[in-house]
Amino acid sequence: MASLALTSSLNLRLRPNPPRKAHCQSRFTSLKPKFQFNNENKWQKFSHFTSRKLDGKTFTNISPSTERRGLIVKAAAASAASPGNPSASSVPVEVKQPPQQPWQGAAMKPLIASIATGVLLWLVPAPAGVSRNAWQLLAIFLATIIGIITQPLPLGAVALLGLGASVLTKTLTFAGAFSAFGDPIPWLIALAFFFARGFIKTGLGNRIAYQFVKLFGSSSLGLGYSLVFSEALLAPAIPSVSARAGGIFLPLVKSLCVACGSNTGDGTERKLGSWLMLTCFQTSVISSSMFLTAMAANPLAANLTLNTINRPIGWMDWAKAAIVPGLVSLVVVPLLLYLIYPPMVKSSPDAPKLAQEKLEKMGPMSKNEIIMAATLVLTVGLWIFGGALNVDAVSAAILGLSVLLITGVVTWKECLAESVAWDTLTWFAALIAMAGYLNKYGLISWFSQTVVKFVGGLGLSWQLSFGILVLLYFYSHYFFASGAAHIGAMFTAFLSVASALGTPSYLGALVLCFLSNLMGGLTHYGIGSAPVFYGAGYVPLAQWWGYGFLMSVVNILIWLGVGGVWWKAIGLW
C-alpha cells in the first residue's frame, strides 16, 4: 500500500508502563473507522485505545481522555523514505517544561536603595565631636531602617543583615551586636504572641470577643471605643505597655476580628481589623502617657526630673496634668481614624443577636478555657502587684507560659510555629542593640548638645524655643526602638536647655514626660506595643508609618493646645 502522509500534529500520550520508543517505524496496513480523517486530512478524536500490527510492530493509539496523565507527543509520519527504512515515520517528542519558579530572593531595587543609603553616609566624613565608629554605626542603622521601610526581605532578615554588616565592619563586636537578645522587652513581646495563640486555640478569645460584640457590636465605632477605654482603665494598674497590649488586648482584638470575618491574607483586613488594630495601638500610647505607672519608663523620667530640677513628680500630679488632654485624645484619635481609615463594616445591628447565638452554641467553658483564664488572671495579677513581690513583667509572662505548656493548653511546637513572634523578636532586638550603641558611642549626646546650642542661639521667647525643642525631641524618636533609651539619652539635656531658656521647669518636665510616650506611635518599633499590633499583619508598613505621623501631629496639637489651656488653669505656668 502506498505510504500515507500525515500533515498535522497528533497529540498522543505515552503510557508509562510498558515503556515505548519515542520513534516508530511502520507502514499503516489498515485503518478502521476509529482512525478517521476529516476533509482537511486531519485526525479526528479517538474514543479509546486501539492497537494495530504494523510491519511486525505494535502501534498503540491513546484517546484524548488520557491526555492529562503525562507527556505530549506530536507524531508526523512522513512519506519521504529514510536511509534505513524507506517507509520510516519520524515522531519527534516535545516535552512541556514546568513553569519557572518565581524569584525567592530579595527585591533588588529596595535592597540597592538601602545599601546605597548606608554607603553614602559611610563615605561622608564624620562631624567634629563624633567618633568614626559612631558615624559608621549610624550609616548601618539608617540603611537598616530604610530596609525595614522598603522591605527587600522580611523584617527579621533585614535586621540580621544590619547586624551582620556591623560585625563584618568591626563597628560592633558580635557580643555587642546581639546584646539586645538578652533584653527583656523583645522577649516579652514574643511571649505575648504565645499567649495570643492560647487565647485563640482554646476559644476563650472568641468567647470574650462575642461578649464584647453582644454589648457593643451594633457599630464598629462603639466596639472600638469599648476596647480603647477598657485599656485605659487597666493602664494605671499594669506598668508595662508591652504586657498590657500584647498579653491582654492583642489576643482580644484578634479574636474580635476573626469573629467578625476580618482575617489577614484573604483580602478581608479592611473589613474591621485594620482600623481596629491601628486604633488600639495609637490609643495605647495615649493611655501610657496619662499615668505614672502606665509605662515602665515613666518612673525613669520622673527620677531624671528630680535629679535635674530637684522637684519630684507624684502619681496624682502626673494624672492631674494628663487627664484632660489624654481624654480628648482618646476620643478624637479613634474617631479621626474612623473617618480617614474606615472599616468596611460600620454598622451591624444584627451582630449582638448573632453573638448571643454563638455564645449559646459554645456552651459552658471547657477545661482548657478555664486553665487559660486562670493563667491570664495569675499573669495580670503579677503584672499589677509584681513590684511589691519583686517579680518583673517578663518573669510573670514566663510563669504564665510555663503553666500553659505544662497543662498542654499550648504546646512548644505551636510556639515554634509562631513565625511572627520570632521574626519580631529578631528585628526588634537588632534595632534596640544598634540604637543603644549609638548612645554609648556618644552620637545621641552630640546631637542633643548641637540642638541645645542651635535653639539657644536663636534668641526666641521661651514659648517658641520650647516648641522647637519639643518637635526635635519628639521626632528624633525615629532613631530609637525604646522609650526608655530615648528618655535616658535625651531627657536631661532637653529639660536643662528648656529651663535655661526660660521655660517653667516643672511644666517642661511634664510635657517631655508625656511626649516620651506619645512619640512611640510614630513607627512599628518605637514602643513596646508597636511590634505587637503591627505583627498581627492587618496594616501595611507604609500606612502604619503614614498614619503614625498624622496621629503624632494630632496628639501634639491636642496636648500642647488643649493641654496648654488646662495647665494654665491648674497653675503650671
*Shortest non-hydrogen contact between Ala134 and Leu438, atoms and distance*: O-CD2, 3.8 Å
*Measure from the side-chain N and O atoms of Lys254 to the backbone N and O of Ala536, and report whether any donor-acceptor pair falls under 3.5 Å.*
no
*Is a side-chain donor-acceptor pair under 3.5 Å present for Thr426 with Asp423?*
no
*Hey, mind stepping through His486 and Phe491 against ring pair (Phe, Tyr, Trp, His ring centres under 6.0 Å) and telling me if it holds?*
CA-CA 7 Å; His486 194 155; Phe491 187 93; 9.7 Å; no
*Scan residues 168-197 for pairs that pass salt bridge (Lys or Arg N to Asp or Glu O under 4.0 Å), counting only residues two or more places apart or in two chains.*
Arg197-Glu418
_Side chain proximity check, Ser284 to Phe249, heavy atoms < 4.5 angstrom_ = no
*Any side-chain donor paired with an acceptor under 3.5 Å for Ser499 and Ser505?*
no
*With a 4.5 Å heavy-atom cut-off, do Phe494 and Val470 have their side chains touching?*
no
*Is there side-chain contact between Leu469 and Thr503, with heavy atoms separated by less than 4.5 Å?*
no
*Do other residues, nucleotides or ligands put more than 12 heavy atoms under 6.0 Å from Phe479 CZ?*
no
*Determine, stepwise, if the pair Leu336 / Val554 fulfils side-chain contact (heavy atoms from CB on, under 4.5 Å).*
CA-CA 9 Å; Leu336 182 59; Val554 172; 3.5 Å; yes
*Measure the acute angle between the ring planes of His524 and Trp545, then classify it against the limits of 30° and 60° as parallel, tilted or perpendicular.*
tilted
*Could you give the distance from CE (Met290) to CZ (Phe514), rounded to the nearest 0.5 Å?*
10.0 Å
*Main-chain N/O of Ala190 paired to Trp422 side chain as donor or acceptor, under 3.5 Å*: no
_Any Met295 side-chain heavy atom under 4.5 Å of Val285 side chain_ = no
*Heavy-atom donor-acceptor pair, Ser262 side chain to Thr268 backbone, under 3.5 Å*: yes
*With the side chain counted from C-beta on, respond yes when Ser465 and Val497 share a heavy-atom pair under 4.5 Å apart, and no when they do not.*
no
*Output yes when a side-chain donor or acceptor of Trp446 lies under 3.5 Å from a complementary backbone atom of Ala128, and no otherwise.*
yes
*May I ask you to decide if Pro110's main-chain N or O and Ser114's side chain share a donor-acceptor pair within less than 3.5 Å?*
no
*Any donor-acceptor pair under 3.5 Å linking the side chain of Trp135 with the backbone of Val124?*
yes
*Between Tyr441 and Arg132, is there a cation-pi geometry (under 6.0 Å to ring centre, at most 45° from the normal)?*
no
*Heavy-atom closest contact (Leu330 atom, Val228 atom, distance)*: CD2-CG1, 3.9 Å
_Counting only heavy atoms not in Trp544 (residues, nucleotides, ligands), do more than 12 fall under 6.0 Å from its CH2?_
yes
*Considering only heavy atoms from C-beta outward, does the side chain of Asn298 approach that of Asn517 to under 4.5 Å?*
yes
*Does Ser274 reach the main-chain N or O of Tyr538 with its side chain, forming a donor-acceptor pair under 3.5 Å?*
yes
*Start with the C-alpha gap between Phe474 and Trp559, add the side-chain angles, then the distance that decides, and say whether ring pair (Phe, Tyr, Trp, His ring centres under 6.0 Å) holds.*
CA-CA 13 Å; Phe474 192 101; Trp559 283 75; over 10 Å; no
*So, for Thr523 and Ala530, which heavy atoms are closest and what is the spacing to 0.1 Å?*
O-CB, 3.6 Å
*Can the ring centroids of Trp318 and Phe291 be said to lie less than 6.0 angstrom from one another?*
no
*How many angstroms lie between atom OG of Ser529 and atom CZ of Arg244, to the nearest 0.5 angstrom?*
8.0 Å
*With Glu269, which residues qualify under salt bridge (Lys or Arg N to Asp or Glu O under 4.0 Å), at least two apart?*
none
*Have Ser329 and Asn555 got a donor and an acceptor in their side chains that come within less than 3.5 Å?*
yes
*Please assess Leu472 against Ser476 for the test side-chain contact (heavy atoms from CB on, under 4.5 Å), listing each intermediate value before the final yes or no.*
CA-CA 6 Å; Leu472 290 171; Ser476 63; over 6 Å; no
*Which heavy atom of Gly162 sits nearest a heavy atom of Thr144, and at what distance?*
CA-OG1, 3.5 Å
*Is there a donor-acceptor pair closer than 3.5 Å between any side-chain N or O of Tyr525 and the backbone N or O of Tyr478?*
yes
_Distance-minimising heavy-atom pair for Ala421 and Phe194_ = CB-CE2, 3.8 Å
*Kindly compute the distance separating OG1 (Thr407) from CG (Leu405), expressed to the nearest 0.5 Å.*
8.0 Å
*For Tyr547 and Val539, run side-chain contact (heavy atoms from CB on, under 4.5 Å): C-alpha distance rounded to whole Å, both residues' side-chain angles, the deciding distance at 0.1 Å, then the answer.*
CA-CA 10 Å; Tyr547 287 111; Val539 183; 5.7 Å; no
*Enter the distance from Met434:CE to Ile140:CD1 here, rounded to the nearest 0.5 Å.*
8.0 Å
*Calculate, to the nearest 0.5 Å, the distance between atoms CG and CG belonging to Leu443 and Leu137 respectively.*
8.5 Å
*Looking only at non-hydrogen atoms, find the nearest pair between Cys280 and Val253 and report the distance.*
SG-CG2, 3.8 Å
*asked:* Donor-acceptor check, side chain of Trp187 to backbone of Phe181, threshold 3.5 angstrom: yes or no?
replied: yes
*asked:* Could you check whether atom CG of Asn310 has more than 12 heavy atoms from other residues, nucleotides or ligands sitting under 6.0 Å from it?
replied: no
*With a 4.5 Å limit on heavy-atom distance, are the side chains of Tyr437 and Ser166 in contact?*
no
*Does the Thr279 side chain pair with the main chain of Leu276, one donor and one acceptor, at a distance under 3.5 Å?*
no
_Ser255: side chain to side chain contact (heavy atoms under 4.5 Å, CB included) partners, not counting sequence neighbours_ = Ile200, Asn206, Ala209
*Check: Gln543/Tyr341 side-chain N/O donor and acceptor closer than 3.5 Å*: yes
*Is atom OH of Tyr475 surrounded by more than 12 heavy atoms (other residues, nucleotides or ligands) closer than 6.0 Å?*
yes
*Answer yes or no: is there a side-chain heavy-atom contact under 4.5 Å between Thr305 and Pro312?*
no
*Report the C-alpha separation of Ile313 and Leu510 in whole Å, then their side-chain angles, then the decisive distance to 0.1 Å, and conclude whether the side-chain contact (heavy atoms from CB on, under 4.5 Å) test is met.*
CA-CA 8 Å; Ile313 300 178; Leu510 285 170; 3.9 Å; yes
*Measure the spacing between CG of Leu227 and OG1 of Thr283 and express it to the nearest 0.5 Å.*
8.5 Å
